[in-house]
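Model, not experiment: these values are computed from the prediction. The chain is numbered in sequence order, starting from 1. Both ligands and their constituent atoms are indexed starting at 1 by order of listing.
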Amino acid sequence: MIDLHCHILPALDDGALDLRDSLAMGRQAAGDGIEAICATPHIRHDHDVRIEQLAERVAVTNRGLRDEGVPVTVLQGGEVAETAVEDLSEEELSRVTLGSGSWVLLEPAPGPLSDSLTRRVEHLTERGHRALIAHPERHLSADMYERIAALIAAGALVQATADFFLRERTADGMRSLAEAGLIHVLSSDAHSSHGGRPVQISEAFAVLARLDSVAPHVEWMRDIAPRAIVEGKDFSVPF
Ligand SMILES: [Fe+2]
């Protein structure tokens, strides 16, 4: 499996505290059957993340994982805030795509989803990129379903937080979103091995596999779509 959203790079944003923490997150991932992780530090005005330094951080983390025999590869990425995306140069954008494709993990602004997010999806399309919307389920509103459907109609795909499928408070809502066909991939959005969400996504896919209307698409959501995203291959959505 591939985790498309994870704050595994050491000492950068609000993610891994240090390399030791990053490597522990890598071991969590390996234990869950994850073989590749897109490192997605916050690209946002309140985080001092230098895009030009990311490749070196990815390389350092991969060296550490290799030295410790952890069978996980870290790929490039970024969690690009919708309020930051228009300010990124082509060069910067190319350094924060998920893996080697053209997909950008786009983080909605705080609060309910709004038209501005759809405009940023269109902005990315005009620049030859595609948007993967990060965890829209955290942006509740009465018209959330219509908002997400509009984002998908504009060419975006949707990434949900795997852990939310396992929590009593959020599980029903997450299952409903999946059954409505409004979720395409699951990611950990893990920030540390010391607490919070772990680097695990397999259990949430097991939940999806028990939903009659979603089960036929779990293999696509778990294996086919994430791989195509990081490899920059063409693919279509089967639902
Ligand atoms: Fe995140």
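Among the heteroatoms counted here (N, O or S) of Asp189, OD1 is the one nearest to the Fe ion (ligand 1). Looking at Glu79, its N, O or S atom nearest to the Fe ion (ligand 1) turns out to be OE1.
A donor-acceptor contact closer than 3.5 angstrom is absent between the side chains of Thr83 and Arg120.
Look at His5 and the Fe ion (ligand 1): an N/O/S atom of the residue is under 2.8 Å from the metal. In summary, an N, O or S atom of His7 is located under 2.8 Å from the Fe ion (ligand 1).
Looking only at distances, no side-chain donor or acceptor of Asp189 sits under 3.5 Å from a matching main-chain atom of His5.
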Trace of the ring pair (Phe, Tyr, Trp, His ring centres under 6.0 Å) decision for His135 with Phe164: CA-CA 10 Å; His135 47 62; Phe164 286 10; 8.1 Å; no

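Using a 4.0 Å cut-off between charged side-chain N and carboxylate O, Arg147 and Asp115 make a salt bridge.
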